[in-house]
Amino acid sequence: MEQNKLSMVVFSGDMDKLMAAFIIATGAAASGMEVSMFFTFWGLQAIKKSEKTGKSFFGKLLGVMLKDINTVGPSKMNFGGIGRWMFKKMMKAKNVAMLNQLRDMAIQLGVKLIPCQMSMEVMELTLDKLIPQVSQPAGVATFLEEAKNSKITLFI
Amino acid sequence: MADQVKVDLVLDLKGLLCPLPIVKLSQAIKDLPLGAVIEGIATDPGVMADVPAWARASGQELISIEQQGKEYRFLIRKVK
């Protein structure tokens, strides 16, 4: 049955796209919608702690590359981190909420953050390496069930 | 007309940009009793479109919204 709900796949680990995802999520929650964000692949970086992860060589390499939400760069013009610094500076000057603040707000508003179990396996991330506010990891069937009952579905 | 409405809470949203005005508004209205009126004062021109849209989506009553110089003032009544 359709509910007043928004379901989102957060695939991207880019600063700009994650901002869009969290702005839509907080806006929807503030308007009384139930919101589920399903984090998969690069998106997992948005709900990860800044800790060493991985077991294998490649897994450890990924762990070094993907730190946490504060270290994500924009999808364009990152220039090895200069772009991230520039955007953060510009956003601060204009008093726009930072990505980590948007995520805190989403959590406060009751947005459900669901990690994708399969991506966690691939990236060698265990649940204790994710922020404690995440829901139980799940798979495609969970997302599809939520999406089927939602008024709005997005892939970011 | 706006002057005749009794305001229960004044919400200072100056300097805030999307999505903060509606997030703060939704948090503030939660703690108020039914019938209470919030006056919001913002500087983000986006609220002219977003506050009416928020009111429609959340089912609250928008009494008025107007620009006064560089500020945008609106009145919202909690009806649910």
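Remember, predicted model here, so these are calculated numbers, not experimental data. Throughout, protein chains are lettered first and strands after them, A, B, ... in sequence-line order, and every chain is numbered starting at 1.
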Which bit of [X] is near chain B, if near means a heavy-atom gap under 4.5 Å: side chain, backbone, both or neither?
X        : answer
A:Ile23  : both
A:Ile24  : neither
A:Gln101 : neither

- Message: Can you tell me which of B:Ile22, B:Ile29, B:Val23, B:Leu25 forms the most heavy-atom pairs within a distance under 4.5 Å of chain A?
- Response: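 Most heavy-atom pairs within the cutoff with chain A belong to B:Val23.
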- Query: So do the side chains of A:Leu102 and B:Pro19 get within less than 4.5 Å of each other, counting heavy atoms only?
  - Reply: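 Answer yes - side chains close enough.
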- Could you check if a side-chain atom of B:Leu17 sits within less than 4.5 angstrom of a side-chain atom of A:Asn95, using non-hydrogen atoms only?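 Result no, sub-4.5 Å side-chain heavy-atom pair not found.
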Same hydrophobic cluster for [X] and [Y], using side-chain heavy-atom links shorter than 4.5 Å among ILVMFWY?
X       : Y       : value
B:Leu62 : B:Val37 : no
B:Leu11 : B:Val5  : no
A:Met77 : A:Met91 : no
A:Leu18 : A:Trp85 : yes
B:Val7  : B:Val51 : no

- Should the heavy atoms of other residues, nucleotides or ligands under 6.0 Å from CD of A:Glu51 be counted, would the total exceed 12?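 It does: A:Glu51 CD has more than 12 such atoms within range.
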- Message: Is it the case that over 12 heavy atoms from other parts of the model lie below 6.0 angstrom from the NZ atom of B:Lys70?
- Response: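 No, not enclosed.
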- Would you find a donor on one side and an acceptor on the other, under 3.5 Å apart, between the side chain of B:Trp54 and the backbone of A:Gly27?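 Flag not set: sc B:Trp54 to bb A:Gly27 has no pair under 3.5 Å.
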- For side-chain contact (heavy atoms from CB on, under 4.5 Å), just list the numbers for B:Ser26 and A:Leu109, CA-CA rounded to whole Å, side-chain angles, deciding distance to a tenth of an Å, and then say yes or no. CA-CA 9 Å; B:Ser26 74; A:Leu109 290 164; 4.2 Å; yes
- Message: Using heavy-atom distances under 4.5 Å, tell me whether B:Gln27 contacts chain A through its side chain, its backbone, both, or neither.
- Response: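 Answer is side chain: those atoms of B:Gln27 sit under 4.5 Å from chain A.
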